[in-house]
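What follows is one structure encoded as structure tokens, with my remarks underneath.
Throughout, a chain's letter reflects where its sequence line sits, starting with A, and its residues are numbered from 1.
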2 protein chains.
Amino acid sequence: MKALRISELAQKGGVGVETVRFYQRKGLLGHPGSAVSGTRHYGSEDVRRLRFVKQAQAAGFKLSEIAELLDLNRTDDRPRAREMARERIGQLDADIARLSSARASLSKLAEDCASGCDGPCPILAAFD
Amino acid sequence: MKALRISELAQKGGVGVETVRFYQRKGLLGHPGSAVSGTRHYGSEDVRRLRFVKQAQAAGFKLSEIAELLDLNRTDDRPRAREMARERIGQLDADIARLSSARASLSKLAEDCASGCDGPCPILAAFD
DNA sequence: ATACCCTGCGTACCACGGTACGGAGTCAAG
DNA sequence: CTTGACTCCGTACCGTGGTACGCAGGGTAT
């Protein structure tokens, strides 16, 4: 396990040095035991953890949920993992529905505004 | 134009008193001219403005953008309103695509996890 | 050895949309 | 006249995901 410095770990994870430290503060990455010298070492385990965080983040989990997922990863609690996935999917569906609705109404307003040239602007009138 | 107190205005707009004051600070609602007494009065114009904010917010605009929309409402600048609507639709499309992608991958993982009962949990393994 | 970079650490700050609190003034009812 | 509800105003704080900065020490190249 070759020793990495924080900047190398950050680079391998595609994040900044400050972000690694931020994750450490949030308990997502765990502070490595203090080495005798000021500089601490990170290994492939830390790189895996960091990539796990980025992957889970891409799936829409927030950092506090990712902390729980990391814990499940230790205990291999599949039922809980499925439950969290279901919850997250439900939230994603709700978010998508909300945005789609906003998009549809806004799209219609923009269309009306472009076609009709009389009266007040439909976009502004819709909110008024 | 019957005079309203801040709590009545807030109630008509479906927000809290603190939120009205927050919008005033953000320039979305404009402080009414100081009355002689400490208590200030609000009218139907303020109610319209507050409702405009909530409507525009539902369409996915952020407060800073709504401030601009309110300004367009004064000047009736339709081209700019259409431009903002287009920009907002583009952003909504990007957001919807991102969430849909997250939903699809997570949905597949949950399915795999429910069907296959051997090996490590696919949900957790996907991030690992 | 001296300059320069990187390290850990703590703290403050950013956007975003609010929420909460404390002090002082005002107003109407009892 | 006192009580209680309401108002104004400023300021600080919440969660979310970071970013930035300054300090003191250690590592490395010239």
Side-chain angles (χ1 to χ4, degrees), chain A residues 2-43 46 50 52-70 88 91-92 95 98-99 102, chain B residues 3-43 46 49-50 52-70 88 91-92 95 98-99 102:
Chain A
K2 85 175 145 80
L4 300 168
R5 285 172 306 172
I6 195 172
S7 58
E8 292 167 332
L9 171 60
Q11 193 266 315
K12 278 186 186 295
V15 301
V17 170
E18 300 299 333
T19 303
V20 170
R21 297 200 60 257
F22 176 71
Y23 288 170
Q24 288 178 333
R25 283 195 292 261
K26 291 287 173 183
L28 295 172
L29 279 184
H31 304 245
S34 333
V36 187
S37 99
T39 304
R40 293 170 172 190
H41 310 132
Y42 303 87
D46 298 295
L50 183 51
F52 185 106
V53 172
K54 298 314 280 182
Q55 292 287 319
Q57 208 173 22
F61 288 97
K62 58 178 70 170
L63 297 185
S64 59
E65 292 169 335
I66 295 171
E68 190 177 351
L69 284 173
L70 281 164
R88 188 72 209 121
Q91 188 57 59
L92 284 169
D95 290 350
R98 194 172 41 74
L99 294 185
Chain B
L4 300 169
R5 285 171 306 170
I6 195 170
S7 59
E8 294 167 330
L9 172 60
Q11 193 266 314
K12 278 186 187 294
V15 301
V17 170
E18 299 297 335
T19 303
V20 170
R21 299 199 60 259
F22 175 70
Y23 288 170
Q24 289 178 333
R25 284 195 290 262
K26 291 286 174 184
L28 295 173
L29 280 184
H31 304 246
S34 332
V36 187
S37 97
T39 303
R40 295 170 171 187
H41 309 130
Y42 303 87
D46 299 296
R49 252 174 111 84
L50 182 51
F52 185 106
V53 172
K54 300 312 281 183
Q55 291 288 318
Q57 208 172 23
F61 289 96
K62 58 180 67 168
L63 297 185
S64 59
E65 291 167 337
I66 295 171
E68 190 176 353
L69 285 174
L70 281 163
R88 186 72 208 120
Q91 188 58 59
L92 285 169
D95 291 349
R98 194 172 40 74
L99 294 185

Inset, instruction - Flag yes if more than 12 heavy atoms outside B:Lys54 fall under 6.0 Å of its NZ atom; otherwise flag no. - result: yes
Legend entry - Residue whose closest nucleotide on DNA chain C lies nearer the 5' end, A:Ser7 versus B:Gly16: A:Ser7
Inset, instruction - Report the distance from atom CG of A:Leu28 to atom C1' of D:dT16, rounded to the nearest whole Å. - result: 13 Å
Inset, instruction - For A:Leu99 and B:Leu92, work out which heavy atoms get closest and say how close. - result: CD2-CD2, 3.7 Å
Inset, instruction - Please state how far atom CG in A:Leu4 lies from atom P in C:dT7, giving the value in whole angstrom units. - result: 11 Å
Inset, instruction - Quick one: list whatever passes side-chain contact (heavy atoms from CB on, under 4.5 Å) with A:Ser64, sequence neighbours left out. - result: A:Lys62
Inset, instruction - Could you state the atom-to-atom distance from CD of A:Glu65 to P of D:dG15 in whole Å? - result: 15 Å
Legend entry - Side-chain heavy atoms of A:Glu65 within contact of A:Glu68, under 4.5 Å: no
Inset, instruction - Round to a whole Å and report the spacing from CG of B:Leu29 to P of C:dG18. - result: 12 Å
Inset, instruction - Please determine if B:Asp46 and B:Arg49 form a salt bridge, counting it only when a charged side-chain N lies under 4.0 Å from a carboxylate O. - result: no
Inset, instruction - Whole angstrom is fine here: how far is it from CD in B:Gln11 over to C1' in D:dC6? - result: 15 Å
Legend entry - Taking every non-hydrogen atom, the tightest pair across B:Arg5 and B:Tyr42: C-CD1, 4.0 Å
Report, one pair per line, the protein and nucleotides 14-17 of chain C atoms (nitrogen or oxygen only) whose separation is under 3.5 Å.
{"unit_1": "C:dC16", "atom_1": "OP1", "unit_2": "B:Lys62", "atom_2": "NZ", "d": "2.8"}
{"unit_1": "C:dG17", "atom_1": "OP2", "unit_2": "B:Leu63", "atom_2": "N", "d": "3.4"}

Inset, instruction - Return the 5'-most residue of the pair B:Val17, B:Arg25 with respect to DNA chain D, ranking by each residue's nearest nucleotide. - result: B:Val17
Inset, instruction - Applying side-chain contact (heavy atoms from CB on, under 4.5 Å), run through A:Leu28 and A:Phe52 and close with a yes or a no. - result: CA-CA 10 Å; A:Leu28 295 172; A:Phe52 185 106; over 6 Å; no
Just the atom pairs and distances: protein N or O near nucleotides 22-24 of chain C's N or O, under 3.5 Å.
none

Inset, instruction - Rounded off to whole Å, could you give me the CD-to-P distance for the A:Gln24 and C:dG10 pair? - result: 11 Å
Legend entry - Where A:Gly60 and B:Ala102 come nearest, the two heavy atoms and their spacing: N-CB, 4.3 Å
Legend entry - A:Leu50 CG to D:dG17 C1', straight-line distance once rounded to whole Å: 15 Å
Inset, instruction - With side-chain contact (heavy atoms from CB on, under 4.5 Å) as the test, would you mind laying out the steps for B:Gln57 and B:Ile66 before giving the verdict? - result: CA-CA 7 Å; B:Gln57 208 172 23; B:Ile66 295 171; 4.1 Å; yes
Legend entry - N or O in side chain of A:Thr19 less than 4.0 angstrom from D:dG17 OP1/OP2: no
Legend entry - Nearest-angstrom distance from the residue atom CD of A:Glu8 to C1' of C:dG8: 16 Å
Inset, instruction - Look at the side chain of A:Arg21 against the base of D:dT19 and say whether a donor-acceptor pair falls under 3.5 Å; ignore hydrogens and angles. - result: no
